[in-house]
Structures are given as structure tokens and as C-alpha cells.
Amino acid sequence: MNVIEVTRFGGPEVLEVRQAPEPEAGPGQVLIGVSAVDVMSLDAQLRSGWGREWFPGEPPFVPGTGVAGRVLSVGDGVDGAWAGRRVAAFLPGGGAYAERVVAGVETVVAVPDEVPLWRAAALIQVGPAALSLVEAAELKPGTRVLVTGAGGALGLPIVRLASAAGARVTAAARGAAKRAAALDMGAARAVGYDELGGPFDVVFDGVGGEVGGAAYELVEPGGTFFAYGVPSGSTARIKPGAARVVGMEQVQFAPDEFRRLARRALEHDTLTTVVGLAVPLERAHEAHAALGSRELVGKAVLLVTAQAARYRAHGGPEVLALEEIPLPQPGPGQVRIAVRAAGVNPIDWKLRSGLMGAPLDEPQGTGLELAGTIDAIGPGVTGWRLGDPVFGQIEAGAAATHAIAAAGLLTAKPDDLTYEEAAALPVAVETARRALGGLGLEEGQTLLIHAVAGGVGLAAAQLALAAGARVVGTAGERHHAFLRGLGVHPVTYGEGLEERLPGPVDRVLDASGRGELELSVKLAGDPAHVISIADRAGAARLGVRFSSGGAKGPVDPQNVRIPIAEAFPLERIADAHRRSEDGHFLGKIVVNTEGTLPR
């Protein structure tokens with residue numbers, strides 16, 4: 001299995017991927033298949049060689065003390081009911097930066113179904129600490145509170161809990177982004193370290209050093225100063241006075257107390273933190289570099305697994321489930337995309353239901369188009385960098401937190417497109433361009449599009465209009481105003497359609513499959529002037545071309561924008577398929593990963 005080792009004391013570059021034997025659960029232990037790893041400031045300090053008088057370990061060692069994942073097996077003396085459960089764990093001896101870890105069952109807690117594993121990893125250590133500190137402060141409505149390091153991993157949940165208790169919180173943090181995050185968490189004020197104000201009844205010092213010393217001077221006599229922060233290299237430099245000082249003991253727990261607080265943290269309605277960076281395990285050095293820059297808002301986590309919508313049997317939308325899978329690795333000419341949004345198309349649910357394709361012999365992903373950022377690059381790929389926002393079409397599996405794409409089929413996402421809007425384009429634009437090319441549409445001609453309010457219909461209409469053609473389209477009346485705004489002449493479906501048309505038709509694109517092909521041939525005067533993408537049987541019967549699939553390539557988004565009819569979270573992929581099957585909507589259905597993956 002892969003682990004990340006500190007190969008020598010030094011900067012982030014000393015973190016390297018290594019192979020290690022698979023661990024086994026011993027007595028009183030569980031073996032956890034890791035999904036996400038917590039990255040702490042302490043990890044980076046120990047990597048640098050700081051604190052050797054307290055932490056005497058020597059390289060090489062595997063850092064990290066917090067994980068979330070699923071229990072793979074249990075050791076002697078452990079209740080077998082733990083096997084298969086989603087859990088988070090504290091590893092006091094380190095070793096968390098790994099694909100599998102063993103943990104003493106006394107520091108393992110179950111993760112509620114509604115809590116993503118990455119969030120559990122982010123909270124497993126700062127959550128108990130924040131609860132312990134705020135409980136010990138015995139805050140009352142109106143208590144004047146200062147939180148230093150308020151934009152960091154522990155500062156943000158303290159701000160949230162203190163604000164929820166009715167305290168008036170001043171959040172001190174470096175940089176506008178961190179101060180904005182603290183205000184979002186409920187702080188009354190967010191300031192830099194040169195404008196702390198005061199006095200305060202309670203100070204939570206997450207910085208230490210000179211900043212902590214300055215904050216201590218602002219505590220009212222009889223107030224409380226919590227000194228737990230060491231990112232500056234030491235705890236607060238103070239001369240004890242009239243304020244009560246509570247040290248690191250407040251965030252150090254016996255196993256029973258840790259489990260009590262960890263359960264509360266994962267089940268708490270108010271407690272949360274911000275995950276400002278999520279990178280794959282092999283890029284742990286980037287997480288450490290972000291911590292060292294002091295620019296990171298909230299926490300960093302390392303990802304070991306992805307989530308993907310898959311089905312194991314053909315059937316209705318109910319066969320779709322969100323599954324944990326190994327983080328996919330790109331091969332030659334490929335990149336991995338951290339997916340932000342994926343489009344839903346009729347072919348997706350036709351494949352899922354068994355109307356197309358071969359019988360299943362393994363779980364299948366769903367979705368052909370996506371938008372997101374590149375987070376891994378395979379051999380031989382040039383022209384792309386990590387973090388580039390892109391969109392495009394893939395073979396399968398776009399409805400996931402991470403997916404593999406051929407680098408040559410991607411397009412840079414324009415700044416004026418959201419990820420959802422970009423994910424709606426690839427299939428529709430490729431299909432529309434292919435169909436219009438087959439029709440040989442020319443400037444000044446009239447194109448009739450059946451189902452013009454769908455994704456392909458809207459793409460074809462905009463491309464045809466940009467080429468100087470006139471466009472007439474069939475659509476439900478509730479979509480007519482929008483279509484007129486595009487420049488399309490809308491007409492309603494059904495009997496009498498020929499009489500409702502504004503004039504002769506030169507070419508027809510059938511995107512509906514509702515049986516209009518015979519009339520379409522009559523209107524266009526020649527089967528060669530009609531293309532269907534929706535009625536294979538009717539096309540064969542009438543000698544009309546049926547267009548399905550074609551050479552895929554980068555998407556040219558020029559002149560095409562498709563409205564989002566509805567966006568579903570990834571965990572509601574089955575509902576997204578149901579909505580797509582129902583039809584009668586304007587534009588495209590998409591799914592997004594906003595609640596499934598940290599942003």
C-alpha cells in the first residue's frame with residue numbers, strides 16, 4: 001500500500017510516497033480502509049524537526065494522527081459489528097498518511113450516515129478540542145471573546161460554537177479570506193492582529209508567541225486565557241497576572257473523553273470547520289506547503305478514495321448508488337478530474353435501464369460529460385497543469401467526485417461559465433454540430449428542430465442561428481418566451497403542426513422521437529434533408545439518417561449556452577435520472593458534488 005513518509009527533517013519536499021506492507025488488526029484494534037486523512041499544523045512542525053524534546057521520533061516516519069474511512073476487519077477482542085462501518089479515528093502514535101491504518105478501538109467513533117467521510121476526517125481532532133475549550137469557558141450571552149488564529153482549522157469551529165452560545169466574538173486572523181470565513185461562522189468582528197481592541201472576558205489563543213502575549217494583555221482581571229496554539233513555534237509569551245491561564249491540558253484527552261467529544265463533534269448541529277484544501281494522498285507536500293504559507297483557510301485533508309454513482313444491475317433509477325471507490329489513477333495521455341458538475345443525458349438512463357449495451361459483468365458508472373479541475377496528470381500529457389478548470393466528454397463515470405478523462409478531449413473552462421453550465425455542453429454541442437454537419441445547413445435556410453427546448457435542440461438552434469439560418473422549433477408553450485428570446489420561432493407539438501409553421505422548411509433535426517419523422521420528410525421534401533437522433537426505428541423505415549455517436553474532441557463553447565433546468569447533489573443521482581426520464585424541461589439536468597467533496 002502507499003504511505004507518505006517524512007524521509008528526513010526539512011520542508012514539504014521531504015514528504016515522499018513509499019510502499020509499505022499491509023497492516024493487520026491486532027488485539028483491541030480495527031483495520032481501517034482510509035478515505036480521508038486529517039492534516040494538522042503539528043504534522044508540518046514535526047516534519048520540520050520542531051519539538052524533538054517532546055516528540056523524539058526520527059525519520060523515516062509516517063505522519064498524521066486523524067483518519068476517516070471504513071473498517072475492513074477487526075482484531076481479537078473487538079466486537080465484530082465494527083466491520084464495514086464508516087468510522088473516524090485518532091492515532092496517537094501517528095501513521096495516518098496511509099491507504100490503510102490500524103487503530104485502537106478505544107479511539108474509534110462511528111460516523112453518521114449524513115456526514116461525508118472527508119468532513120469526519122476534518123473534525124475528528126479539532127471538533128473535540130473546540131468543544132472542550134468552549135465548554136470550559138462557560139460562555140454566556142454577551143461574553144466578550146477574542147479568538148486568535150480565527151481563520152484556521154480550530155479557530156473557525158471555536159468561533160462558530162462561541163457565537164452560537166451568544167458570545168460577542170472578535171475574530172483575529174491574517175488575511176481577508178480568513179477574516180471573511182470567521183464572519184461567516186458568526187463572528188461579530190473580524191480584525192488583523194494590529195487592531196485587536198479589547199478588553200475581553202475570554203481569549204482563545206490559537207497562535208501563541210508574540211501574538212498570544214499581546215492577546216493576554218487584553219484579558220480583564222478574572223477573565224480566562226486559553227493557551228493552546230503553537231503554530232508560531234511556542235505557546236503565548238506571557239507574564240502571568242490577574243487572568244486565569246488554561247494550557248494544553250484542555251485539548252488533551254483520555255480515550256473515554258475523546259470518544260465522548262468526538263461523537264458529539266460528528267453529531268453536532270452547529271459545529272463545523274472549513275476545508276480549504278483537499279488533495280490526493282500523494283500530494284501531501286502541497287497540503288504542508290499551504291499550511292506553511294499561512295494563507296490556507298481552515299483545514300487541509302488528503303483524499304484516498306473517491307465517490308462514484310454506480311449500478312450493479314440494469315433497472316430503474318433505484319439501482320443507482322453512491323459507492324466508495326479507490327481514487328482513480330490516470331494512465332498515459334489521461335488526467336484525473338476533481339469533478340464539480342456532471343451532465344445527465346437520455347443515453348445515461350437508457351444504458352442504466354438496459355435498453356442499450358451489453359449485459360453487466362461488473363459495476364458500471366454513469367455520466368458522459370463533466371466539468372471540474374485537473375488534480376492528477378498521467379504520463380505524456382502536455383499543455384495542462386494541476387488545478388486547471390476544464391470540461392469535456394468521457395467514456396463513462398462522470399457522476400463522481402473524481403473521474404479519468406483523455407487529456408486531448410478536454411477544453412479549458414471559460415471564466416464566464418459556471419461548472420454546471422460547462423458540464424451541460426459537451427454531449428449537446430457535439431451531437432448538434434454532428435447533426436447540422438450532416439444536414440448541410442446553409443445560410444438563409446430554415447431549420448425545423450423537434451424538441452428544441454432540450455439540450456441538443458438548444459445547442460443546434462444557437463449554432464444554426466449563428467450560421468445565419470432561420471430556426472423553427474417544437475416545444476411546450478411554457479418555454480416559448482425563452483425560445484423567442486434566443487431568436488427561435490416556437491410552435492407547439494401535436495396535431496395541426498404543419499398549419500402552425502410560419503413557412504416552408506429546408507432541413508429537419510428530430511431530437512424528440514415522438515413520431516414526427518413522416519411529417520418531417522414531407523416538409524423537407526427529401527429523406528436526405530432530415531436527421532434523427534431519437535428515433536432509430538422510424539429513421540430506418542423512412543430512409544432517414546440516424547445519427548448516434550461520432551468523433552469526440554474538445555468542445556467549442558462559442559455561441560452556445562444551455563440553461564440548467566435543475567441541479568441535483570451527487571447523492572441524489574437517482575432523482576436526477578428520474579427527472580431526466582420525465583422530460584418536459586428547458587435545457588439540461590446536472591448533478592454537482594458541492595456537498596460530497598470539500599471545496
Side-chain angles (χ1 to χ4, degrees), residues 35-36 116-119 122 274-280 283 286 297-298 300-303 305-310 322 324-325 327-328 330 334-345 348 365-377 384-407 409-429 455 554-555 557 560-573 575-577 580 587-599:
S35 292
L117 288 172
W118 61 263
R119 188 176 295 283
V274 172
V275 174
L277 181 68
V279 293
R283 288 165 54 194
E286 293 183 25
V297 177
V301 297
L302 307 178
L303 302 177
T305 63
Q307 290 186 285
R310 304 206 297 181
L322 203 57
E324 204 89 12
I325 64 171
L327 202 61
Q334 296 179 328
V335 298
R336 183 174 64 216
I337 307 298
V339 181
R340 297 288 297 272
V344 177
N345 294 283
D348 297 337
T366 185
L368 303 177
E369 54 188 350
L370 51 70
T373 56
I374 293 175
D375 87 334
I377 298 176
W384 295 115
R385 297 177 301 176
L386 294 176
D388 281 348
V390 295
F391 69 108
Q393 199 166 340
I394 66 173
E395 292 298 323
T401 58
H402 296 80
I404 299 298
L409 301 184
L410 296 173
T411 302
K413 185 187 77 66
D415 291 341
D416 64 344
L417 278 179
T418 68
Y419 285 100
E420 289 180 350
E421 290 168 339
L425 291 179
V427 169
V429 171
V555 179
V560 181
R561 294 293 184 271
I562 296 178
I564 305 303
E566 193 166 355
F568 292 83
L570 181 58
E571 57 268 28
R572 290 182 58 200
I573 182 65
D575 290 335
H577 273 225
S580 179
K588 286 286 289 284
I589 302 296
V590 299
V591 296
N592 64 57
T593 62
E594 291 302 319
T596 314
L597 190 67
R599 297 294 173 217

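These numbers come from the heavy atoms of this one structure, side chains and all, not from hydrogens, waters or symmetry mates.
Annotation for A122 and V275: closest pair CB-CG2, 3.7 Å, computed over non-hydrogen atoms. In this structure, S35 and L117 approach most closely via the heavy-atom pair OG-CD1, 3.4 Å. Nearest approach of V555 to P426, heavy atoms of both residues: CG2-CA, 3.6 Å. Smallest separation of non-hydrogen atoms from N592 and A567: ND2-CB, 3.9 Å. What you find for A371 and A423 is that their closest heavy atoms are CB-N, 3.8 Å. The minimum heavy-atom distance between A576 and V591, with the atom names listed, is CB-CG1, 3.6 Å.
Taking A406 as the reference, L409 meet the side-chain contact (heavy atoms from CB on, under 4.5 Å) condition, with sequence neighbours excluded. A400 meets the side-chain contact (heavy atoms from CB on, under 4.5 Å) test with A308; sequence neighbours excluded. With sequence neighbours left out, E286 forms a salt bridge (charged side-chain N to carboxylate O under 4.0 Å, His left out) with R283. By the side chain to side chain donor-acceptor pair (under 3.5 Å) test, D415 pairs with no residue at all, sequence neighbours left out. In this structure T411 satisfies the side chain to side chain donor-acceptor pair (under 3.5 Å) test with no other residue, sequence neighbours excluded. Annotation: salt bridge (charged side-chain N to carboxylate O under 4.0 Å, His left out) contacts of E566 (sequence neighbours excluded): R579. With sequence neighbours excluded, the residues satisfying side-chain contact (heavy atoms from CB on, under 4.5 Å) with A36 are W118, A121, L303. Applying the side chain to side chain donor-acceptor pair (under 3.5 Å) test to D348 and every residue at least two apart in sequence or in another chain returns nothing. Residues that satisfy the side chain to side chain donor-acceptor pair (under 3.5 Å) test with K413, not counting sequence neighbours, are absent from this structure.
Checked by atom type and distance alone, the side chain of K588 never pairs as donor or acceptor with a backbone atom of I564 at under 3.5 Å. Distance alone, capped at 3.5 Å, is enough to place a donor-acceptor pair between the W384 side chain and the A407 backbone. Remark: side-chain polar atoms of Q307 are not paired, donor with acceptor, to backbone N or O of E324 under 3.5 angstrom. At least one donor-acceptor pair closer than 3.5 Å links the side chain of R336 to the backbone N or O of P328.
With contacts defined as side-chain heavy-atom distances shorter than 4.5 Å, the pair P280/D375 qualifies. You'll find the side chain of L425 reaches within 4.5 Å of the side chain of V560, heavy atoms only.
The structure places CZ of F568 at 5.5 Å from CD1 of I589, a figure rounded to the nearest 0.5 Å. For the atom pair I562 CD1 and E420 CD, the distance stands at 13.5 Å (nearest 0.5 Å). Rounded to the nearest 0.5 Å, atoms CZ (R310) and CD1 (I325) are 6.0 Å apart. Rounding to the nearest 0.5 angstrom, the gap separating the OG1 atom in T373 from the OH atom in Y419 is 5.5 Å. Note that NE2 of H402 and CD1 of I337 are 10.0 Å apart. Values are rounded to the nearest 0.5 Å.
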query: Could you go step by step and tell me if H577 and T366 meet the side-chain contact (heavy atoms from CB on, under 4.5 Å) rule?
result: CA-CA 10 Å; H577 273 225; T366 185; 3.4 Å; yes
- prompt: Should L327 and T401 be marked as a side-chain contact (heavy atoms from CB on, under 4.5 Å) after you check the CA-CA gap, both sets of side-chain angles, and the distance that decides it?
  reply: CA-CA 9 Å; L327 202 61; T401 58; 5.7 Å; no
Can you give each donor-acceptor pair under 3.5 Å made by side-chain atoms of residues 385-395, sequence neighbours left out, with the distance rounded to 0.1 Å?
residue, atom, partner, partner atom, Å
D388, OD2, R385, N, 2.8

